[in-house]
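FYI, the numbering just counts along the sequence from 1.
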Amino acid sequence: MPAVPLATLLQAGYVAVGLPAETKAGVLDALAGRLAERPEVTDAARLRADLAARESRMSTGVGEGVALPHARTPAVSGTVAALATLAAPVGWGSLDGAPVDLVLMLAGPEGDRAAHVHLLAHVSRVISTPGVRGRLAEAASAGDLRAVIEATEAHAPAGGPP
């Protein structure tokens, strides 16, 4: 597990059920806007630009309706995260061609590459844990989303995949 559990990064206010964005750009903007309220975000415009630039290089749609937009950026002083289910699936250019309805956004300090890669790997393991994707899709509230992540991390073997 990373130094800071994902459930800890997903604080209230940065988790949403039924986000009403209709495009990939709208989803990125909405989640980056939520993250802009975090004290770790020192430059909201730069955060949005760096997330969009990363997405333009290669889609972060990993398949099965999941996207993990992320960036290492000087716009944050510490790692921040936001999670949302979408009101309706959005085309993302995912590897499997499927639209996305679950988005987990991460932004970390530019100089912290190893921690960022480790956290992305952890997020991938959490999301791909059998049954988790379905429980996240069925979540009725932001608290339910956080609870699924928290429970999945709590049952993960120390240092190993959930």
- Item | Test: Glu64 and Arg133 ion pair at under 4.0 Å | no
* To do: For Glu55 and Pro69, indicate whether the former's side chain and the latter's backbone hold a donor-acceptor pair under 3.5 Å.
  => no
Item to check | Ser59 and Leu95, any side-chain heavy atoms less than 4.5 Å apart | outcome: no
Check whether any side-chain heavy atom of Val126 lies under 4.5 Å from a side-chain heavy atom of Leu104, and answer yes or no.
no
Sorted by chain and residue number, the salt bridge (charged side-chain N to carboxylate O under 4.0 Å, His left out) partners of Arg34 (sequence neighbours excluded) come out as none
When rounded to the nearest 0.5 Å, the distance separating OG1 of Thr152 from CZ of Arg125 is 13.0 Å
N-O pairing of Arg54 and Asp50 below 4.0 Å
no
Report task. List the steps and the verdict of side chain to side chain contact (heavy atoms under 4.5 Å, CB included) for Val62 and Asp96. Result -> CA-CA 8 Å; Val62 296; Asp96 64 358; over 6 Å; no
Joining Ile, Leu, Val, Met, Phe, Trp and Tyr whenever any side-chain heavy atoms lie under 4.5 Å apart, the cluster holding Trp92 also takes in Tyr14, Leu19, Val27, Leu28, Leu31, Leu35, Val41, Leu47, Leu51, Val76, Val80, Leu86, Val90, Val100, Val103, Met105
Between the CG atom in Leu102 and the CD1 atom in Ile127, the distance rounded to the nearest 0.5 Å is 5.0 Å
Is there a donor-acceptor pair under 3.5 Å between the side chain of Thr23 and the backbone N or O of Gly26? yes
| request: Measure from the side-chain N and O atoms of Asp29 to the backbone N and O of Ala25, and report whether any donor-acceptor pair falls under 3.5 Å. | output: no
In this structure, CG of Leu136 is separated from CZ of Arg146 (nearest 0.5 Å) by 13.0 Å
Can you check whether Arg72 reaches Pro109 side chain to side chain, under 4.5 Å on heavy atoms? no
Nearest heavy-atom approach of Ala87 to Pro20 is CB-CA, 4.0 Å
Closest non-hydrogen contact found for Gly91 with Pro99 is N-CB, 4.2 Å
**Prompt:** Counting only heavy atoms not in Gln11, do more than 12 fall under 6.0 Å of its CD?
**Reply:** yes
The salt bridge (charged side-chain N to carboxylate O under 4.0 Å, His left out) partners of Glu40 (sequence neighbours excluded) come to Arg38
Inset, instruction - Give a yes or no answer on whether the side chain of Arg46 reaches the backbone of Pro74 with a donor-acceptor pair at less than 3.5 Å. - result: no
Q) Going through the distances and angles, do Thr73 and Glu110 end up as a side chain to side chain contact (heavy atoms under 4.5 Å, CB included)? A) CA-CA 4 Å; Thr73 174; Glu110 190 172 40; 5.7 Å; no
In short, Arg135 meets Pro130 closest at the heavy-atom pair NH1-O, 4.2 Å
Would you indicate whether the side-chain heavy atoms of Leu106 and Leu68 approach each other to under 4.5 Å?
no
Taking every heavy atom of Ala142 against every heavy atom of Val15, the minimum-distance pair comes out as CB-O, 3.4 Å
Can a donor-acceptor pair be found, under 3.5 Å and without considering hydrogens, that links the side chain of His155 to the backbone of Ala151?
yes
Between Ala140 and Asp144, the two heavy atoms sitting closest are N-OD2, 3.2 Å
Counting only N and O atoms by type, is there a donor-acceptor contact under 3.5 Å from the side chain of Thr85 to the main-chain atoms of Gly18? yes
Donor-acceptor under 3.5 Å (Thr129 side chain, Val132 main chain):
no
